[in-house]
A.B. asks: 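For reference, the structure I am asking about is given below.
Keep in mind the model is a prediction, meaning the values are calculated, not measured. Proteins come first, then strands; the chains are lettered A, B, ... in the order of their sequence lines, and each starts at number 1.
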Number of protein chains: 2
Amino acid sequence: MPVTIYDVAKKAGVGIGTVSRVINNSPRITRKTKAKVLRAIRELNYQPHTSAQSLARRKANTIGCIIPYFAGYFYSELLHGIQRKLREFEYALILYSVDIQQSKEFFLRRALQERRVDGILFVSMEISQRYVDKFLSTGLPIVLVNSFHSALDSITVDSTEGAYIATKHLIELGYTRIAMIDGQLKSIPARLRFEGFKKALQQHGFHFDKRYFVVCDFSEEADGFNKEAGYLAMQKLLDLGEEMPRAVFVSSDIQAIGVMQAIKERDFVVPDDIAIIGFDDIELAQYVGLTTMRQPILEMGELAVKRLMERIIRKDRSEFKHNFRTQLVVRESCGAYKNK
Amino acid sequence: MPVTIYDVAKKAGVGIGTVSRVINNSPRITRKTKAKVLRAIRELNYQPHTSAQSLARRKANTIGCIIPYFAGYFYSELLHGIQRKLREFEYALILYSVDIQQSKEFFLRRALQERRVDGILFVSMEISQRYVDKFLSTGLPIVLVNSFHSALDSITVDSTEGAYIATKHLIELGYTRIAMIDGQLKSIPARLRFEGFKKALQQHGFHFDKRYFVVCDFSEEADGFNKEAGYLAMQKLLDLGEEMPRAVFVSSDIQAIGVMQAIKERDFVVPDDIAIIGFDDIELAQYVGLTTMRQPILEMGELAVKRLMERIIRKDRSEFKHNFRTQLVVRESCGAYKNK
DNA sequence: TAGTTAACTGGAAGCGCTTCCAAGTATATT
DNA sequence: AATATACTTGGAAGCGCTTCCAGTTAACTA
């Protein structure tokens with residue numbers, strides 16, 4: 001019933017090889033033959049069968065994106081960038097969203113063997129050495145986004161520097177009792193941000209007070225990067241009473257939202273009583289006047305696709321690393337404007 | 001190099017047909033043979049080639065989702081629901097994101113002929129009669145989400161009722177000079193929401209004043225459902241001076257954000273000077289205290305997949321329509337709490 | 001025990017394409 | 001004009017699966 005390459009060949013009065021060459025823009029074809037075939041294609045409204053092409057070409061013209069169950073600005077925006085760049089190539093995007101730990105590996109395994117995708121974008125998750133080896137040995141292109149592994153292409157954000165800048169910002173505004181609220185330390189960004197925080201303190205002659213460092217490990221499942229965790233963490237700091245910090249670097253904006261809620265509930269005011277600086281610059285941040293570190297999310301998505309395509313199309317095997325820098329976005333939550 | 005069904009067959013000492021039957025869970029196979037084959041599969045780490053399966057089965061085990069270039073809570077959340085439900089089936093999701101008008105048709109055409117997907121979720125866009133006919137004649141399953149066509153399965157939100165409830169809420173709070181800011185009327189929801197607005201006014205004995213109805217048609221490309229458009233529209237209303245409305249129903253939360261900005265800039269206060277009610281209940285709404293109409297976005301996504309799968313798997317050809325109801329979420333922007 | 005019947009199993013054919021090779025055709029060279 | 005050379009073209013083979021048909025084996029039945 002559906003029209004195949006044979007129908008087109010018959011209609012155009014040529015062989016199927018010729019039709020195939022036209023479809024694939026082969027140069028070895030006369031202008032005249034090409035015109036004939038194109039007309040037949042148009043008249044029959046022919047479109048090649050993707051699966052048949054994939055099978056014969058041993059190439060799917062599709063990439064996969066393995067991404068945590070996204071509900072949030074970061075993933076939405078990243079996907080936006082990915083799609084935008086992907087449009088330049090005639091590739092489809094298959095989305096694998098990961099909810100539980102186990103399914104991450106499940107998708108990786110499938111991606112490696114189903115031959116349904118020509119490459120993988122692996123977002124915001126750690127990849128085990130076992131799979132790193134598999135990707136290296138099969139040669140299936142993979143790019144890590146917002147994640148890092150020394151042997152694989154990685155696109156990251158310089159969390160350490162971002163945290164350093166954020167902390168420094170607080171220091172320069174004159175705050176001295178500075179705390180940090182972090183995500184769970186099993187997360188790489190959480191660790192890096194902690195490092196940047198410590199470095200800034202140290203380089204400015206502050207000593208690190210562990211009462212002023214709260215990790216959001218209130219729940220097993222989550223990674224601590226959420227509103228509720230921020231809320232709980234801030235309560236711990238507020239419980240210090242007189243000793244409570246006067247400025248807090250929070251490892252993500254979404255946590256900072258919870259933090260601000262906790263502060264408000266105790267009738268303190270941001271930034272008058274406590275200054276808050278976040279990380280991410282999610283959409284919400286501007287509405288609550290949160291000073292934060294912006295990540296170039298859209299650009300990350302675009303670069304990820306660009307790089308993955310180089311691996312796929314040009315078979316570029318060199319090792320690619322890119323560390324995006326964050327940018328300080330000053331709003332009201334640290335009192336920067338008031339101090340002037 | 002990659003392991004095929006022949007390798008498995010040889011290793012297990014059976015025919016390829018038998019291996020295929022094991023893969024596809026055919027019942028006509030003895031327990032013993034099955035065990036042999038399964039062992040071989042495991043030992044060789046075999047995984048069927050998806051494209052080959054699609055070709056032979058004439059079935060892709062994949063659905064496509066044609067969705068406006070999403071950057072926003074609505075689409076992110078919808079996709080979330082879609083993925084969640086899709087996990088119950090062993091189907092992959094291909095994302096086609098539409099930026100320009102033309103590409104919508106481009107994807108529809110491809111979906112119809114590439115045989116790469118077994119069904120389509122078509123989100124938030126109008127579909128031309130031409131394509132409706134094509135889908136009906138080819139029988140390729142399609143479900144419209146947040147969009148409507150009499151001849152196709154449609155999952156919608158009752159915009160008219162939502163607008164009616166929102167407007168009624170304002171009326172019941174005692175406001176009399178009530179305006180509406182709407183998206184461009186080429187959009188169906190914009191028209192429906194306008195209808196609900198008018199109906200509420202009428203049923204409560206108000207007359208419709210066209211100075212109090214502003215359509216966001218400031219730009220050709222966009223549909224008016226954005227912050228900037230809301231901002232500009234509100235300025236128009238504020239320009240009425242003494243005559244300006246005391247309450248505004250805004251057709252979407254994101255516009256309402258712009259509206260609130262405009263109000264603030266002129267040193268008016270929400271809700272004291274002007275009450276604002278939105279539509280959508282985006283994440284932001286709770287942070288700015290915006291009273292609004294909530295749409296069950298996640299449920300829409302899940303239902304869409306459920307229905308599409310019924311069409312695909314059970315070949316259910318009946319016509320399906322579902323109109324979700326919205327729900328009033330009262331926050332501070334209408335002064336509801338104050339009036340008590 | 002022989003004859004039926006039912007249940008498995010093997011593998012050829014076919015899904016719709018790409019690609020390689022051989023054959024055909026046009027063009028250049030002597 | 002005859003030959004060598006360079007392009008084009010047709011179509012068989014093959015990509016890795018499913019499925020149908022025929023053959024084989026096991027399970028009943030009389």
A.B. asks: In this structure, how many angstroms lie between the P atom of dT9(D) and the NZ atom of Lys10(A), rounded?
C.D. replies: 21 Å
A.B. asks: Crowded around Glu319(A) CD? As in, over 12 foreign heavy atoms under 6.0 Å?
C.D. replies: yes
A.B. asks: By nearest nucleotide on DNA chain D, pick out whichever of Ser51(B) and Arg21(A) is the more 5' one.
C.D. replies: Arg21(A)
A.B. asks: Roughly, in whole Å, what's the span from CD1 in Ile23(A) to P in dT19(C)?
C.D. replies: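 In whole Å, dT19(C) P and Ile23(A) CD1 are 11 Å from each other.
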A.B. asks: Can you identify which nucleotide, out of dG10(C), dG16(C), dG16(D), has its nearest atom closest to the Thr4(A) side chain?
C.D. replies: dG16(C)
A.B. asks: Taking only side-chain nitrogens and oxygens of Thr33(A), does any of them come within less than 4.0 Å of OP1 or OP2 of dT8(D)?
C.D. replies: no
A.B. asks: Mind calculating the distance between NZ (Lys11(A)) and C1' (dG10(D)) to the nearest angstrom?
C.D. replies: 21 Å
A.B. asks: Taking the nucleotide of DNA chain C with the closest heavy atom to each, which residue, Gly13(B) or Leu55(A), is nearer the 5' end?
C.D. replies: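 Its nearest nucleotide being more 5', the pick is Gly13(B).
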A.B. asks: Rounded to whole angstroms, how far apart are CZ on Arg58(B) and C1' on dG16(D)?
C.D. replies: 14 Å
A.B. asks: Considering just the side-chain nitrogens and oxygens of Arg57(B), establish if one lies under 4.0 Å of OP1 or OP2 belonging to dT18(D).
C.D. replies: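 Yes, within the criterion.
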A.B. asks: Within the pair Tyr6(B) and dA12(C), is there a side-chain N or O less than 4.0 Å away from OP1 or OP2?
C.D. replies: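 Checking dA12(C) against Tyr6(B), no side-chain N or O comes under 4.0 Å of OP1 or OP2.
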A.B. asks: Between Pro27(B) and Arg115(B), which residue's closest nucleotide on DNA chain C lies nearer the 5′ terminus?
C.D. replies: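 Counting from the 5' end, the first nearest nucleotide belongs to Pro27(B).
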A.B. asks: Please determine whether a side-chain nitrogen or oxygen atom of Ser20(A) lies at a distance below 4.0 Å from atom OP1 or OP2 of dT19(C).
C.D. replies: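 Checking Ser20(A) against dT19(C): no side-chain N or O falls below 4.0 Å of OP1 or OP2.
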A.B. asks: Just how far, in rounded Å, is P of dT18(C) from CD1 of Ile29(A)?
C.D. replies: 12 Å
A.B. asks: Do Gln129(B) and His149(B) have a side chain donor and acceptor closer than 3.5 Å?
C.D. replies: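 Short answer, yes.
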A.B. asks: Check the phosphate of dT8(D) against Thr18(A), side-chain N and O only, distance under 4.0 Å to OP1 or OP2. Yes or no?
C.D. replies: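 Negative; the distance criterion is not met.
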A.B. asks: Tell me whether the count of non-hydrogen atoms from other residues, nucleotides or ligands lying under 6.0 Å of NZ in Lys306(B) goes above 12.
C.D. replies: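 Atom NZ in Lys306(B) is not packed in, count stays at 12 or less.
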A.B. asks: Please give, in whole Å, the distance from dA7(C) P to Lys34(B) NZ?
C.D. replies: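 From Lys34(B) NZ to dA7(C) P: 17 Å.
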A.B. asks: Verify the contact: side-chain N or O of Gln53(B) to OP1 or OP2 of dT18(D), cut-off strictly under 4.0 Å; return yes or no.
C.D. replies: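 Yes, because at least one side-chain N or O of Gln53(B) sits under 4.0 Å from OP1 or OP2 of dT18(D).
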A.B. asks: Quick check for you: among dG10(D), dT9(D), dT18(C), whose closest atom lies nearest to any side-chain atom of Ala56(A)?
C.D. replies: dT18(C)
A.B. asks: To the nearest angstrom, how far is Ile41(A) atom CD1 from dC17(C) atom C1'?
C.D. replies: 13 Å
A.B. asks: If you assign His49(B) and Gly15(A) each to the DNA chain D nucleotide with the nearest heavy atom, which residue ends up on the more 5' nucleotide?
C.D. replies: Gly15(A)
A.B. asks: In whole angstroms, how far is the C1' atom of dC20(D) from the CD1 atom of Ile16(B)?
C.D. replies: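 Going from CD1 in Ile16(B) over to C1' in dC20(D) covers 12 Å.
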A.B. asks: Side chains of Arg87(A) and Ser97(B): is there a donor and an acceptor less than 3.5 Å apart?
C.D. replies: yes
A.B. asks: Would one find more than 12 heavy atoms of other residues, nucleotides or ligands at under 6.0 Å from atom NZ of Lys36(A)?
C.D. replies: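 Counting neighbours around NZ of Lys36(A), more than 12 heavy atoms of other residues, nucleotides or ligands fall under 6.0 Å, so yes.
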